[in-house]
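Note sheet for the following structure.
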Protein chains: 2
Amino acid sequence: MSFPFISPLVATDLDTSPIVLAGVLLSLVVIFLASKLGGEAAKRLDFPPVLGELMAGLVIGISALHLVVFPVSGAQAADSLIMTALQWINHLEPDTLTKIYESQSEVVKVLAELGVIILLFEIGLESDVRQLKEVGPQAIAVAMTGLLAPLILGTAGLMWFFHLPAIPAVFAGAALTATSIGITSKVLSELGQLQSREGQIIVGAAVIDDVLGIIVLAVVASLAKTGEVDVRHVCFLIVGATTFLAGSIILGSVFNKTFVKLAEGLKTRGNIVIPALGFAFFMAFLGSALQLEAILGAFAAGLVLDESNARLQLEELLKPIADLLVPIFFVTVGAEADLTILNPTVPENRAGLLIAGFLIVIAIFTKLISGWTVFGIPGINRLAIGWGMVPRGEVGLVFAGIGAATGALDKPLEVGIILMVIFTTFLAPPFLRSAFSAQPPTSGETTPAIAGEP
Amino acid sequence: MSFPFISPLVATDLDTSPIVLAGVLLSLVVIFLASKLGGEAAKRLDFPPVLGELMAGLVIGISALHLVVFPVSGAQAADSLIMTALQWINHLEPDTLTKIYESQSEVVKVLAELGVIILLFEIGLESDVRQLKEVGPQAIAVAMTGLLAPLILGTAGLMWFFHLPAIPAVFAGAALTATSIGITSKVLSELGQLQSREGQIIVGAAVIDDVLGIIVLAVVASLAKTGEVDVRHVCFLIVGATTFLAGSIILGSVFNKTFVKLAEGLKTRGNIVIPALGFAFFMAFLGSALQLEAILGAFAAGLVLDESNARLQLEELLKPIADLLVPIFFVTVGAEADLTILNPTVPENRAGLLIAGFLIVIAIFTKLISGWTVFGIPGINRLAIGWGMVPRGEVGLVFAGIGAATGALDKPLEVGIILMVIFTTFLAPPFLRSAFSAQPPTSGETTPAIAGEP
């Protein structure tokens with residue numbers, strides 16, 4: 001319904017949206033191609049497909065082919081091959097191209113975010129609230145250990161071995177805390193381990209970790225900025241997060257029936273998908289409006305609809321939508337990761353590489369420890385739980401970005417955090433898989449007697 | 001994976017993307033709610049649901065509630081209730097808010113465009129290439145009449161009755177030509193008439209009309225700008241369009257088998273959806289790169305995969321994706337339509353209303369005529385074909401926008417064209433429906449003997 005590139009004659013009055021659309025379409029084609037090539041290659045090599053998608057993202061992104069790049073990685077419009085193609089097709093001025101590049105990047109980013117929102121909605125639907133409640137104490141233990149151990153060891157190590165001042169050390173230590181629930185839950189789902197007891201502990205702990213990560217970030221960001229902690233803000237976050245997640249679970253038992261009745265009463269196309277995703281998007285909005293995260297809201301929405309009778313049908317309908325949008329998230333995570341900071345010929349990178357090495361060891365070691373804090377479930381696969389908590393995803397990148405922006409982090413420390421994120425994200429999936437192969441999971445059943453089988 | 005609203009402390013370094021995401025989520029919730037309320041109400045009143053979605057768009061858009069508005073309608077960030085809510089939640093500066101509003105609108109617009117791209121891909125899949133070829137001559141007759149009649153009668157009428165100069169008259173006449181394939185095919189699909197012979201003539205004619213509309217626009221835009229026609233450009237468009245559509249159909253028989261083999265060979269999730277939509281998006285990109293339209297490319301992609309064995313499975317998988325994205329298109333079309341130009345107390349509007357009345361009569365009359373040019377099929381429902389060609393959708397709005405930008409159209413003429421678009425878009429669905437009720441369609445079978453039944 002839009003007329004792109006109408007004629008060179010009206011180029012000055014050019015409406016750029018058709019070109020933005022063309023850029024988005026081409027980016028999606030490249031992302032889809034990469035996700036399938038990477039995913040299929042990983043599958044054939046017996047790795048989790050999501051690892052292949054991340055790798056393929058690396059290949060098409062800022063580290064290599066420069067097909068899909070983002071302003072957040074410091075890339076300009078001219079660095080993007082897709083933008084260069086659009087410029088050539090449409091004879092664009094550099095200024096116009098920059099505007100189109102920014103809009104296009106924003107759209108692809110939002111599509112990726114919608115992807116991870118739908119992924120977490122799916123994970124919430126597939127999670128069993130009763131089982132989550134049952135493994136709640138263990139998940140809390142894992143989350144708390146996984147928060148405190150890297151924070152304390154990371155901060156102390158940076159101060160002792162690298163002689164860093166307290167504030168940057170605390171900031172970097174805090175960047176080691178939060179687990180990437182998106183990557184970890186996707187791998188679990190691909191391994192068919194989401195409903196195992198290990199899987200539910202990991203998901204529960206990752207959710208708690210995510211909330212704690214937001215609180216830690218608020219604390220260290222205010223520490224870095226003003227030297228003191230904004231106690232009111234932190235209390236607001238804690239109360240908000242607790243109310244939100246607990247409220248969703250309680251609401252669940254009531255809203256389930258309403259939802260099914262509503263879906264059954266609708267007579268037009270999309271009678272299940274639209275109310276379900278409308279609800280998921282609303283909860284995601286609520287999560288972000290409460291200064292939490294959109295994905296937490298989506299996960300809560302999934303938990304709410306979890307026990308509804310329409311669940312199986314809904315899961316079936318969500319699959320193609322998730323298949324379409326979720327890869328956009330993982331490929332762009334890879335595309336944003338800049339491996340050129342691994343180049344040791346740049347002096348700045350060398351200091352960063354050293355710090356990175358230390359952070360990576362701490363990041364993996366402390367999360368593996370957390371698996372050993374699980375109590376009361378004999379024979380549980382502690383190694384799998386530990387590896388499940390390892391990937392930091394872009395949560396760590398947010399820390400690095402804010403730390404650099406507030407001046408708390410210098411360049412080597414920022415590089416170190418980014419490398420830590422890349423390594424934990426890429427290492428965790430294969431190790432998580434092998435941990436599950438080495439020791440098949442305990443049953444997802446609630447009877448402790450059969451735990452530790454076979 | 002993003003930290004919205006991290007803390008007021010870092011507000012100056014604020015990354016706006018989480019707020020853009022929040023705005024998109026809230027807009028989508030409102031759009032979904034509106035689409036279901038409107039669609040269900042229309043269904044219960046026995047109107048096509050898409051009419052309800054358009055109406056609901058009017059209610060939430062620039063004409064009434066101001067929940068979802070777009071810069072293209074002249075609305076500022078402060079005019080949007082959703083933006084006002086975001087400003088209140090996040091304590092945003094007006095400048096930041098404007099930036100967020102523009103990004104958010106761009107994202108919603110692209111989602112709407114992806115919706116209509118997927119709709120046209122679906123329509124292409126459901127269309128039968130052989131039947132389209134069979135009714136090709138009739139579709140060409142309908143399209144040519146539907147192009148020439150409004151162009152000639154509209155231009156002549158504006159010159160005679162309204163004493164307009166030639167250039168603006170030709171421009172407004174040209175704005176009467178192109179049918180909105182999106183709206184018309186959606187109504188056909190809802191009525192279950194897409195595969196009827198009438199349906200296939202309408203779709204074929206609308207596609208041809210769309211291509212011709214692009215060529216007409218190129219001609220009148222260059223006429224308005226330089227006083228002469230850029231013959232080379234027009235030839236390029238004609239050759240490009242013909243090659244593209246014919247090439248797609250020929251390619252179809254080859255590519256079908258490749259596609260099925262590819263999909264069967266893939267072992268990861270999304271093995272059908274991702275290659276299919278990757279192809280559709282690539283063709284949509286190609287359509288727009290050839291200076292045609294993205295939706296033409298998507299339609300051609302659907303035709304190519306039409307005869308593949310995976311078609312039925314693909315149609316099933318596309319449904320939830322279409323159910324999610326297609327309503328965004330129709331609701332935003334409604335949300336962008338500004339009914340305040342109907343207010344006759346504004347002097348400028350009065351001239352516009354008069355011209356609009358004339359244009360609406362011509363717009364409907366000339367397209368109804370086109371139904372009577374169908375030859376060789378006794379008993380065909382000519383009225384239905386005519387009404388199928390009536391809705392102009394936003395193609396006409398593009399004419400109005402470019403005409404105003406090049407100075408060819410003054411305000412009353414622009415208002416007249418916009419009103420013509422709104423009226424034809426909203427009037428056509430119920431009349432198309434009643435035309436089909438009054439005379440049930442001829443069979444979609446290829447045997448002329450049973451045409452005209454019952």
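Reckoned from all heavy atoms, side chains included, excluding hydrogens, waters and symmetry mates.
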_Would you compute the distance between atom OG of Ser103(A) and atom CD of Glu106(B) and round it to the nearest 0.5 angstrom?_
4.0 Å

_Other residues, nucleotides, ligands: >12 heavy atoms within 6.0 Å of Phe282(B) CZ_ = no

*Those residues that, when tested against Phe70(B), pass ring pair (Phe, Tyr, Trp, His ring centres under 6.0 Å) (two or more places apart)*: none

_Under 4.5 Å from any heavy atom of chain A - which part of Ile117(B)_ = side chain

*asked:* Can you give me the closest heavy-atom contact between Leu25(B) and Ala284(A), atom names plus distance?
replied: CD1-CB, 3.8 Å

*Among Leu266(A), Leu325(A), Leu324(A), Val110(A), which has the most heavy-atom pairs under 4.5 Å with chain B?*
Leu266(A)

*What part of Lys267(B) gets closer than 4.5 Å to chain A, counting heavy atoms only: side chain, backbone, both or neither?*
both

*With a 4.5 Å limit on heavy-atom distance, are the side chains of Leu86(A) and Phe285(B) in contact?*
yes

_Going by side-chain contact (heavy atoms from CB on, under 4.5 Å), Val107(A) matches just one of Val24(B), Val108(B), Val107(B). Which one?_
Val107(B)

_If you compare all heavy atoms of Glu40(A) against all heavy atoms of Gly265(B), which two are closest, and at what distance to 0.1 Å?_
OE1-O, 4.1 Å

*Select one option (side chain, backbone, both, neither) describing which atoms of Leu111(B) are under 4.5 Å from chain A's heavy atoms.*
side chain

*Report the distance from atom CD1 of Ile89(B) to atom OG of Ser288(A), rounding to the nearest 0.5 Å.*
7.5 Å

*When only pairs under 4.5 Å are counted, which of Ile31(A), Leu114(A), Ile274(A), Val273(A) shares the most heavy-atom pairs with chain B?*
Ile274(A)

*asked:* As an exercise, state the distance from CD of Glu102(A) to NZ of Lys99(B), rounded to the nearest 0.5 Å.
replied: 7.5 Å

*Please collect all salt bridge (charged side-chain N to carboxylate O under 4.0 Å, His left out) contacts where either partner lies in residues 215-224 of chain A, sequence neighbours excluded, each pair once.*
none

*Val29(A), Ile321(A), Leu33(A), Thr268(A): which one forms the most heavy-atom pairs within less than 4.5 Å of chain B?*
Thr268(A)

*Does any heavy atom of chain A fall under 4.5 Å from the side chain of Leu28(B), the backbone, both, or neither of them?*
side chain

*Could you tell me which non-hydrogen atom of Ala322(A) sits nearest to which non-hydrogen atom of Arg269(B), and how far apart they are?*
CB-NH2, 3.7 Å

